[in-house]
Structures are given as C-alpha cells and as structure tokens.
Amino acid sequence: MAKIFVITYSTYGHINKVAESVVQGLKKAGAEVSRYQIAETLSDEILAKMHAPPKPDLPIITAADLVEADGFMFGFPTRYGTTPAQVKAFFDSTGQLWMKQALAGKPAGFFFSTASQHGGQEVTVFSSLPILAHHGMIYVPFGYANAHLFDNSEVIGGSAWGAGTIANGDGSRQPSEKELAIAENQGENFAKVAAKLASA
C-alpha cells in the first residue's frame with residue numbers, strides 16, 4: 001500500500017471538488033491517502049474583495065511533511081499558464097529537501113483548473129516539471145486512459161497531463177460529472193504506479 005498525499009491550493013473551491021474524486025480513485029486502488037492544502041499568501045481583506053469562500057478544514061502542508069509520503073498528487077489552478085504564487089512559494093520552501101535529494105524517486109501527478117478551455121491546462125503542468133526534475137521525482141502523466149478525453153460533444157477539462165476542470169472567468173461553472181470521472185480514474189491509475197514504485 002502506497003501512502004499518497006493529495007496537496008491542493010484552491011481559491012474558489014473547484015480544485016478541492018476535483019480532489020475529492022482523485023481521493024476516491026486513490027482509495028479505490030488501495031492507497032493510503034492524506035489531504036493537505038497549501039498556505040494562503042493573500043490577506044483576508046483581499047480574499048473578501050475577491051469573493052473567495054472560506055478555506056476547507058485541511059492541514060497546511062509543510063516541506064518537512066513531504067518526506068513521509070510515497071507519492072504526491074498536486075492540484076492547483078493556473079495563473080497565466082503557470083503555478084499560482086502560493087504554490088511557487090511552497091515549492092520554494094523545499095530547498096533543504098532538494099539539497100538532500102530527499103524526494104528523489106517519488107512519483108508525482110497533477111490536476112488543474114482554468115477559466116477557459118485554452119487557459120493553460122497543459123502548460124500549467126509543463127511549467128511545473130522543472131520542480132520535479134530538480135528533486136529527482138518521477139512525473140506520472142495520466143495519458144488518455146479515460147474515454148471522456150475523446151469526447152468533443154461538450155466542454156471537458158483535463159488532458160493526457162492530468163484531470164482538469166474549466167471554471168469560467170467568474171467561477172460559475174462547477175466540475176462536471178465527466179471531469180470528476182476522469183479525476184477518479186487518474187487517482188486510481190496513479191495509486192497503482194505509486195504502489196509498484198513503493199514496493200520496488
């Protein structure tokens with residue numbers, strides 16, 4: 001059984017909704033799952049002006065926590081095609097782990113959200129790969145393992161890079177059933193890979 005941390009940053013809750021399905025898939029495949037969120041860097045005043053809902057009751061991840069897991073699923077929205085500043089700040093705090101290569105060989109996957117279909121779902125992951133490379137971590141893409149990724153009859157987030165959802169610019173669109181099914185499928189597939197690596 002692999003111990004997987006699902007670590008998210010979410011401003012409006014879309015990523016946390018997708019994370020619930022990722023967790024279902026991980027558990028379905030027998031993984032031990034722990035949920036964490038990345039610390040917010042914006043003030044309560046700014047968040048209120050953004051009409052952001054309260055954060056979920058999840059523990060805040062620290063760099064030191066990462067050594068306890070066999071693998072990681074990271075979920076966050078895009079900011080101009082790259083990671084939000086909060087996520088970057090978290091990864092920037094992992095320097096001591098990098099110096100020791102404490103995370104080397106551990107698998108990681110991503111899921112994401114954007115405001116539009118072409119808002120950077122794939123490039124958000126692509127821009128995060130150097131972080132994994134510097135830590136010696138193993139990127140586990142989703143591939144086209146779910147038939148919904150071939151469905152062009154409606155708007156569906158996600159790609160070979162991972163599960164995803166499209167929120168609209170005002171956040172009014174919630175993750176669809178197909179997007180959540182893709183996320184669950186990704187969690188299940190990731191757990192199987194992580195279990196093989198953990199037992200190697």
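- A search for side chain to side chain contact (heavy atoms under 4.5 Å, CB included) contacts involving Ile60 returns Gln37, Ala39, not counting sequence neighbours.
- With sequence neighbours excluded, no residue satisfies side chain to side chain contact (heavy atoms under 4.5 Å, CB included) with Ser116.
- Looking only at side-chain heavy atoms (C-beta outward), Phe76 and Thr124 come within less than 4.5 Å of each other.
- A donor-acceptor pair under 3.5 Å is absent between the side-chain atoms of Thr82 and the main chain of Arg79, judged by distance alone.
- Distance alone, capped at 3.5 Å, places no donor-acceptor pair between the Arg173 side chain and the Asn168 backbone.
- Connection of Tyr12 to Leu42 is established within a shared hydrophobic cluster, with ILVMFWY side chains joined at heavy-atom distances below 4.5 Å, either directly or through further cluster members.
- Residue pairs meeting the side chain to side chain donor-acceptor pair (under 3.5 Å) criterion with at least one member in residues 104-115, sequence neighbours excluded, are Thr114-Gln121.
- By the 4.5 Å heavy-atom criterion applied to side chains, Val125 and Phe112 are counted as neighbours.
- The two atoms that bring Ala163 and Ala183 nearest to each other are CB-CA, 3.5 Å, heavy atoms only.
- Side chains of Thr83 and Phe90 form no contact here, defined as non-hydrogen atoms less than 4.5 Å apart.
- Applying the 4.5 Å side-chain rule to ILVMFWY residues, one finds Phe142, Tyr144, Phe150, Ile156, Ile182 in the same cluster as Leu149.
- Shortest non-hydrogen contact noted between Asn185 and Ala145 is OD1-O, 3.2 Å.
- Two residues are said to be in side-chain contact when any heavy atoms from C-beta on lie closer than 4.5 Å; Ile15 and Tyr9 fail this criterion.
- The nearest pair of heavy atoms linking Val6 to Val33 is CG2-CG1, 3.8 Å.
- For Lys88, the NZ atom counts as loosely surrounded, since its 6.0 Å shell holds 12 or fewer non-hydrogen atoms of other residues, nucleotides or ligands.
- Asp70 contributes a side-chain N or O that, together with a main-chain N or O of Lys3, makes up a donor-acceptor pair within less than 3.5 Å.
- Within the model, atoms CE of Met1 and OG of Ser199 stand 13.0 Å from one another, a figure rounded to the nearest 0.5 Å.
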Going through the checks in order, is the ring-ring contact (aromatic ring centres under 6.0 Å, His included) test met by Phe74 and Phe91? CA-CA 11 Å; Phe74 295 103; Phe91 283 125; 5.2 Å; yes
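- Between Leu26 and Gly187, the closest heavy-atom pair is CD2-O, 3.1 Å.
- The line from OG of Ser21 to CD of Glu177 is 8.0 Å long, rounded to the nearest 0.5 Å.
- Annotation: the span from Met50 atom CE to Thr11 atom OG1 amounts to 5.5 Å, rounded to 0.5 Å.
- Here the shortest heavy-atom pairing between Ala191 and Ala31 reads CB-CB, 3.9 Å.
- The environment of Glu45 atom CD is sparse: at most 12 non-hydrogen atoms of other residues, nucleotides or ligands sit within 6.0 angstrom.
- Residues Val123 and Tyr80 do not share a hydrophobic cluster, defined by chaining ILVMFWY side chains whose heavy atoms lie under 4.5 Å apart.
- For the atom pair Arg35 CZ and Ile7 CD1, the distance stands at 9.5 Å (nearest 0.5 Å).
- Shown here are the side chain to side chain contact (heavy atoms under 4.5 Å, CB included) partners of Lys17, two or more places apart in sequence or in another chain: Glu20, Pro175, Leu180.
- Each of Ile38 and Met73 belongs to its own hydrophobic cluster when Ile, Leu, Val, Met, Phe, Trp and Tyr are linked at side-chain heavy-atom distances under 4.5 angstrom.
- Both Phe126 and Phe72 sit in one connected hydrophobic cluster of ILVMFWY residues. Membership requires side-chain heavy atoms under 4.5 Å apart, directly or through other members.
- The local environment of CG in Asp170 is crowded, with over 12 non-hydrogen atoms from other residues, nucleotides or ligands closer than 6.0 Å.
- A donor-acceptor pair under 3.5 Å links the side-chain atoms of Gln186 to the main chain of Phe110, judged by distance alone.
- One distance of note links NZ of Lys27 with CD1 of Ile4; it measures 13.0 Å at 0.5 Å rounding.
- Cluster membership for Leu197 and Phe5, using ILVMFWY side-chain heavy atoms within less than 4.5 angstrom, is not shared.
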Trace of the side-chain contact (heavy atoms from CB on, under 4.5 Å) decision for His14 with Glu179: CA-CA 11 Å; His14 295 78; Glu179 290 171 341; over 6 Å; no
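- How far CG of Asp65 is from OH of Tyr36: 5.0 Å, rounded to the nearest 0.5 Å.
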Donor-acceptor pairs under 3.5 angstrom involving side-chain atoms of residues 129-141: please list them, not counting sequence neighbours.
residue : atom : partner : partner atom : Å
His135  : NE2  : Thr94   : OG1          : 2.9
Tyr139  : OH   : Trp161  : O            : 3.1

